[in-house]
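Just so it is clear, the model here is predicted, and its values are computed rather than measured. One-based numbering, in listed order, for ligands and for the atoms of each.
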Amino acid sequence: MSELQENLTRIRSRIDQACERSGRQPDSVRLMAVSKNQPPERVAEAASAGLTLFGENRIQEAKVKIPLCPGQLEWHFIGHLQSNKSRDAVSLFQVVQGVDSLALAEELQKQAIKQARSLPILLEVNVAGESSKFGWNPDRLLAELLQLNALNRLEVHGLMTIAPYAVDPEQVRPIFRRLRELRDRCTDLMGAPIPVLSMGMSGDLEVAIEEGATLVRVGTALFGERPRRSDAGNPPGASDSVG
Ligand SMILES: *Cc1c(COP(=O)(O)O)cnc(C)c1O
């Protein structure tokens, strides 16, 4: 077995065990391979190991990489999106996770109309109120939800969050729980289900699943340490928001 296959087996058993502990079906949790900084060959390797869902956090990188990867994969944008890159985001990705303002949502709506499609989105919430992170303040999201929902080309499929870094994942359990509770309040407000909770990464996926994650985003535990991003096309000083 390749190292990636071994890693994948380990991740799947972590997911299965967390599901078992919380009385959930293993197929209620989708596994996303976070392929940022990884070359197309690594994506192809992951695809042949059976993975179908991939996440990228930089438009420039995705624009070059996705056409070089196997077809039939599902790509989600998981980074902070600048409004002026909305056109590319809508043409490259099936789902934009990390929509973090009404202004960005309005721009995505415009691009979705131009490109004659509807766009599933996840709303990123900054549950812990960290100044270093993007995302809605929970109260603001509740206040603006109906305006978001009125953008008819956008489909609000769920919420996503990036928990603060913690040595002990138990420390971030309340963050995941609060995202789930916020999702429930959003569901009540919209009168329609918002099924997706995108939360949990390499270090904290068990706790996230126990708190209701339906999609975990895993990079390092699958691919190993990320290679540094090559600088082509990236402004100096640009760096990953995570890891
Ligand atoms: C990089 C990244 C991940 C993956 O993090 P790992 O700790 O490597 O699993 C997940 N989500 C987002 C938004 C990221 O940017």
Exercise. Does any pair with a residue in residues 117-131 pass side-chain hydrogen bond (donor to acceptor under 3.5 Å, both in side chains), and if so which ones, sequence neighbours excluded?
Worked result: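 Applying side-chain hydrogen bond (donor to acceptor under 3.5 Å, both in side chains) to every pair that reaches into residues 117-131, excluding sequence neighbours, yields S118-E155, E130-K133.
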Problem set entry | Q97 contact mode with ligand 1 (heavy-atom cut-off under 4.0 Å) |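 Q97 to ligand 1: no contact under 4.0 Å from either part.
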Exercise. Looking only at heavy atoms, is any part of L222 under 4.0 Å from ligand 1, and if so is it the side chain, the backbone, or both, or is it neither?
Worked result: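 For L222, no heavy atom sits under 4.0 Å from ligand 1.
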For this session: Assess R226 for proximity to ligand 1: is some non-hydrogen atom of it under 4.0 Å away?
Result: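 Yes, R226 has heavy atoms under 4.0 Å from ligand 1.
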Proximal ligand 1 atoms for [X], defined as those under 4.0 Å from one of its heavy atoms:
| X | answer |
| --- | --- |
| K36 | 1 (C), 2 (C), 3 (C), 14 (C), 15 (O) |
| R217 | 4 (C), 9 (O), 10 (C), 11 (N), 12 (C), 13 (C) |
| T220 | 6 (P), 7 (O), 8 (O), 9 (O) |

For this session: May I ask you to check whether V218 has an N/O atom sitting below 3.5 Å from an N/O atom of ligand 1?
Result: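 No - when backbone and side-chain N and O of V218 are compared with those of ligand 1, no distance drops under 3.5 Å.
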For this session: Drop me the distance from L159's CG to M199's CE, to the nearest 0.5 angstrom.
Result: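 Going from the CG atom of L159 to the CE atom of M199 covers 9.5 Å.
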Problem set entry | Donor-acceptor contact below 3.5 Å, side chain T187 vs main chain P193 |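 Not confirmed, T187 side chain does not pair with P193 backbone.
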Exercise. Between R178 and E181, is there a salt bridge with N-O shorter than 4.0 Å?
Worked result: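 No, this pair does not count.
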Problem set entry | Exceeds 12 heavy-atom contacts within 6.0 angstrom, atom CD of Q171 |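 Yes, the 6.0 Å shell around CD holds more than 12 heavy atoms from other groups.
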For this session: Quick one: list whatever passes side chain to side chain contact (heavy atoms under 4.5 Å, CB included) with R21, sequence neighbours left out.
Result: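 Partners of R21 under the side chain to side chain contact (heavy atoms under 4.5 Å, CB included) test: Q17, A18, E206, E210.
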